[in-house]
Amino acid sequence: MADEAVAEHPAEPAAPKAKDARAPEAPRGGARGDDNAKDAPDAPGSSDAADAEAAEREKERERAADRFKDRTRDPLAEEQGEEEPTDAAAATRARRSGQKLLASGRDLIGFDRSDVGRLHIGDINIGLDARRSGLSMRDGPVPEEELLRIRRTHIEPEGYVRLRRALEARRLLVLGGAPGTGRASTALALLEEVTRDGESGQNAERVRRADPERGVRELAAQVVAGEGGRLRGTGYLLEPALDRPGTLPPDGMDLDQLASALAERGSYAVVVVSVGSAANPLLAGRYGAICPPAPTRELVAVRLRKRLEEEHGDPVRVGGGGSARDGDGGGGLDGHADRDRDGGRDEGRARGADQGGDRPRGGGPDEAGSLSRLLERAAELREDPEVTGAVGLDDLRPAEAELFASLLAGHLLGSVGREELLSGCRGLAAVQAYEWFAGVDRALAAPPPGDGRAPVRSGTAALFHPVAFRIALAVLGGASHSAVSAAAHLLTWELSVQSDPDSTPARPLFCDDPESDLALSRARPADGPVDVAGAEVTGRLIFYRGAALPAAVLAELWDRHFPVRAPVVRWLRLLADDPRPQVSMRAAVAAGELSVRDFEHGYAELVRPLAEAPTPRRRVFAATALDQAAGHASHRRAVRKVVEDWSRHGTPALRWTAAMALGYGRSADSMDDTLDALARIGVRDDGEQLAVASLNVVRLLTLPECATVLRRLADWTGHRGEEYQDLALVSIVRLALTDVDEVLDDEPGTPLGDRGDWPLLLALAATRPELTGKLADLFWTALNTARSRDVAFDALETLLRSASRKDGRAWTREGLAALLPALTAEEHDQRRLKWLLQRMMRDQDRPLTEERARALWRLAVPARQRRSDEEESHG
């Protein structure tokens with residue numbers, strides 16, 4: 001047939017003759033031309049004698065076509081209306097992002113810690129929480145041994161010199177930072193340095209800790225008193241408890257009074273506070289400064305060097321150099337000189353002059369050789385991908401660096417095995433989560449400082465907001481900062497009401513401090529895509545600084561704090577109703593992880609109630625949570641039993657939820673079992689839930705067992721039951737109308753993932769050539785079945801229009817080039833394609849250009865056949 005034939009614009013053919021609705025025409029394999037010509041667009045009409053019967057059959061065909069079209073609706077849009085988009089692609093991306101953050105392999109960690117203040121691994125017994133041990137000494141001098149240790153091992157953070165000069169100039173420094181970041185150690189290092197050559201001389205009490213229960217005014221009085229005039233040139237460290245309800249932070253006049261008293265006595269003071277709304281006015285004043293955390297590499301290097309020196313009894317000098325302050329300790333691993341340089345340089349110095357080759361990871365000191373060789377091996381072990389993955393933290397705090405160095409040293413010296421090393425590394429995040437939540441609400445039961453009045457509970461919202469933000473970040477990590485913050489405020493409300501049900505908690509409106517939230521939660525911001533109404537825009541996202549923290553927070557929350565489960569469950573149900581997929585789907589993944597930790601509770605409180613909810617959004621939440629639990633081998637059998645029971649005996653809502661869970665491909669023993677369950681759901685009650693069943697059949701086509709799904713679709717088209725036929729036909733049409741990124745879990749970079757905006761039918765034809773014939777057979781069946789023909793033709797038109805983009809760039813031509821020749825192998829099919837192209841060219845709203853129509857015709861009809869048709873037409 002000549003190319004020009006496409007542009008001849010003949011009159012549209014008469015409507016095709018209706019066919020028996022109970023028996024769709026068989027897929028290609030027999031003589032499809034003779035049997036199916038009666039349903040072609042140019043098939044002849046019925047005889048005059050059967051006009052009445054034909055008219056009735058035509059009406060029945062139209063009714064069947066209307067019913068079929070209704071079953072191709074989006075089952076997720078019931079609550080919004082059929083024409084409302086559902087952002088299925090955004091939901092898929094959000095679920096994938098949530099799974100990535102919780103797939104660190106530590107979701108079921110059960111770190112054994114009877115006393116988290118100390119940890120025992122192998123023959124290592126080490127204190128973990130330097131912050132707590134420091135506060136245990138009140139109103140007393142800091143031992144000279146501790147000051148000496150700080151001089152030797154403290155790593156100066158960036159800007160240390162600036163902090164020291166500010167302290168020397170003003171006598172008073174308000175130092176802000178997140179707990180555990182080494183702020184107290186930095187404060188002691190500053191006080192030790194400025195008092196070393198001052199009036200205190202070698203006084204054993206030249207650095208003192210002040211009672212944290214006392215405020216700035218009490219410290220000023222203590223400085224003036226000076227223990228009867230005995231103390232001069234003393235350095236004071238104060239960590240006031242500003243987070244206790246009813247406690248007011250000091251004002252500027254209080255600080256000025258303290259600074260004046262310090263100047264009078266030739267003394268210094270550092271007031272350490274946590275960043276947050278209570279301390280922000282202090283940090284913004286003339287005495288305030290932020291204490292950055294020490295660099296992780298140097299922290300670990302110094303601690304590791306110290307541990308190995310303790311074993312060998314002699315200090316090691318690697319790379320030369322000395323301390324910029326006191327000459328105590330060399331350069332190399334501790335990196336005292338030039339604190340503001342790139343923290344990564346210490347690794348090069350640690351490796352020494354002789355790199356050597358691959359060395360064993362364990363063994364005693366005799367096998368290690370010299371201490372420098374041991375340090376070289378330690379640097380290699382520290383960068384081992386398995387070790388860094390087990391740690392799961394982007395940066396380490398001082399106590400964590402101490403433990404990490406001890407574990408590395410123990411492994412190198414043979415006292416800690418490989419599994420113990422990795423287990424101990426995984427425990428770092430668990431210890432951080434423990435510290436975040438341990439005794440948060442104890443302050444509510446304590447009276448305010450001063451008199452013995454009743455406890456003040458009006459500050460519950462301010463007290464619970466930091467922990468609520470950490471929980472929200474564990475659940476919604478990777479979402480926009482605004483979404484995480486809003487969810488944190490919802491959870492703050494739930495926690496406050498649960499803690500004090502007789503009072504309405506205050507909801508401060510202008511107290512948020514994003515920088516404080518980041519610091520207190522070990523979080524980091526990043527610019528990234530956010531899905532809004534089906535489009536991607538750039539937004540400010542937020543993540544934990546470490547892949548281990550989300551799972552560790554959820555484990556700590558669920559396993560050790562049972563009273564908090566009730567408000568968290570209420571909060572997750574609120575998130576299930578959120579119209580933003582970035583919120584609801586991430587929350588569903590987290591709900592699945594929590595259910596794994598206690599399946600009985602998760603099923604009873606979250607999964608089952610939401611699975612029976614009247615709205616599709618809540619049922620999708622329940623299905624996603626079930627699938628997340630099915631991803632764990634320990635719970636897969638239980639999930640499959642639940643889904644099996646729902647598909648057989650459940651209410652309509654439970655069957656709907658079961659269908660959505662089956663679509664993920666992990667809620668049945670095999671692909672055939674999955675398809676059997678979907679068929680049971682789809683054909684029951686006259687196909688009431690055929691729409692959701694067919695949607696999940698299409699979702700299964702993105703899995704490796706795609707060929708099995710196509711085989712079962714072909715079997716259903718030949719089934720004697722009309723409901724099975726409809727399930728197959730609706731699935732085939734939906735396959736042509738569904739984009740890849742609406743159903744695919746794969747990341748970009750896979751053959752299907754790189755075609756996210758392609759119709760799935762064409763993407764499969766382009767990437768799985770061995771399936772092209774089966775795909776063409778199934779779609780041809782839909783085109784030649786009376787009740788599905790109209791919808792299938794509309795789908796074919798959509799496929800044809802996707803060949804190129806509006807700007808002319810190629811889009812799905814590769815898929816059409818694979819599918820169309822197999823779909824139009826016979827003359828009858830080619831005439832139908834020609835008729836459709838002509839109709840598209842005459843479309844008043846979106847006319848197809850003649851050039852594009854000819855290009856599509858060339859894709860469908862091989863050149864050899866076009867030449868043969870042209871020769872025949874010219875005689």
Side-chain angles (χ1 to χ4, degrees), residues 12-27 32 35-46 50-75 77-78 81-83 682-683 685-695 697-698 713-714 716-738 759 761 777-801 823 828-829 831-833 835-836 838-840 843 845:
E12 291 193 21
K17 179 180 178 180
K19 58 182 287 183
D20 183 2
R22 296 182 57 186
E25 296 162 52
R32 83 176 185 183
D35 291 341
N36 298 315
K38 59 182 179 181
D39 272 343
D42 53 355
S46 61
D51 282 347
E53 182 180 354
E56 182 61 29
R57 291 215 312 267
E58 180 62 20
K59 291 180 180 179
E60 177 58 30
R61 189 197 70 81
E62 292 176 355
R63 288 192 292 268
D66 290 341
R67 289 194 300 270
F68 186 89
K69 183 177 181 180
D70 183 62
R71 287 171 172 173
T72 61
R73 73 189 189 281
D74 185 354
E78 292 177 0
E82 187 175 346
E83 303 301 325
V683 304
D685 299 331
D686 296 327
E688 177 185 353
Q689 295 185 343
L690 190 146
V692 68
S694 64
L695 170 64
V697 170
V698 171
L713 285 173
W716 290 340
T717 60
H719 199 282
R720 298 186 61 180
E722 183 177 323
E723 295 83 3
Y724 283 92
Q725 299 168 11
D726 283 349
L727 176 60
L729 294 171
V730 172
S731 301
I732 295 165
V733 172
R734 197 180 295 280
L735 171 62
L737 296 174
T738 301
L761 175 62
D777 285 344
L778 291 170
F779 196 54
W780 181 90
T781 300
L783 289 170
N784 284 271
T785 302
R787 59 184 179 276
S788 62
R789 181 176 54 239
D790 292 343
V791 179
F793 261 94
D794 291 341
L796 179 58
E797 179 177 344
T798 300
L799 297 178
L800 294 173
R801 291 188 182 277
L823 192 63
H828 163 74
D829 302 320
R831 289 201 306 270
R832 181 167 51 195
L833 175 63
W835 167 79
L836 180 57
Q838 291 170 349
R839 191 182 75 174
M840 294 169 62
D843 191 311
D845 297 327

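Every heavy atom of this structure was used, including side-chain atoms; hydrogens, water molecules and symmetry mates were not.
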Please assess Leu783 against Asp829 for the test side-chain contact (heavy atoms from CB on, under 4.5 Å), listing each intermediate value before the final yes or no. CA-CA 10 Å; Leu783 289 170; Asp829 302 320; over 6 Å; no
The criterion is side chain to side chain contact (heavy atoms under 4.5 Å, CB included); which residues satisfy it with Arg67, sequence neighbours excluded? Glu60, Arg63, Ala64
Roughly how far, to the nearest 0.5 Å, is CZ of Arg789 from CG of Leu729? 12.0 Å
Value for CZ (Arg839) from CD (Glu797), rounded to nearest 0.5 Å, stands at 5.0 Å
CZ (Phe793) and CG (Leu800) are apart, to the nearest 0.5 Å, by 10.5 Å
Gap between atom CG of Leu737 and atom CD1 of Ile732 - 0.5 Å precision: 12.0 Å
Stepwise, does the salt bridge (Lys or Arg N to Asp or Glu O under 4.0 Å) test hold for Asp66 with Lys69? CA-CA 5 Å; Asp66 290 341; Lys69 183 177 181 180; over 6 Å; no
Taking only residues two or more places apart in sequence or in another chain, which ones pass side chain to side chain contact (heavy atoms under 4.5 Å, CB included) with Ala736? Leu761, Phe779, Ala795, Leu799
Hits for side-chain hydrogen bond (donor to acceptor under 3.5 Å, both in side chains) against Thr738, two or more places apart or cross-chain, chain-then-number order -> none
Could you pull out the closest heavy-atom pair between Val698 and Ser731, with the gap in Å? CG2-O, 3.5 Å
Applying side chain to side chain contact (heavy atoms under 4.5 Å, CB included) to Asp685 and not counting sequence neighbours gives Arg655, Glu688
Is any side-chain heavy atom of Leu823 less than 4.5 Å from a side-chain heavy atom of Leu796? yes
Could you list the residues that satisfy side chain to side chain contact (heavy atoms under 4.5 Å, CB included) with Arg71, not counting sequence neighbours? Leu690, Asp726, Val730
CZ on Arg832 to CH2 on Trp780, rounded to 0.5 Å: 7.5 Å
Backbone N/O of Asp70 and side chain of Arg73: donor-acceptor pair under 3.5 Å: yes
Distance (rounded to the nearest 0.5 Å) between Glu722 CD and Asp686 CG: 9.5 Å
When you measure from the side chain of Thr785 to the backbone of Ala782, do you find a donor-acceptor pair of N or O atoms at a distance under 3.5 Å? no
Check the orientation of Tyr724 and His719. Use parallel for under 30°, tilted for 30 to 60°, and perpendicular for over 60°. parallel
Considering all heavy atoms of both residues, which atom of Arg801 and which atom of Asp843 are nearest to each other, and what is their separation? NH2-OD2, 3.7 Å
Residues passing the side-chain hydrogen bond (donor to acceptor under 3.5 Å, both in side chains) test with Glu723, sequence neighbours excluded, are none
Please evaluate residues Val697 and Trp716 with respect to the criterion side-chain contact (heavy atoms from CB on, under 4.5 Å), reporting the C-alpha separation (whole Å), side-chain torsions for both, the decisive distance (0.1 Å), and the verdict. CA-CA 12 Å; Val697 170; Trp716 290 340; 4.3 Å; yes
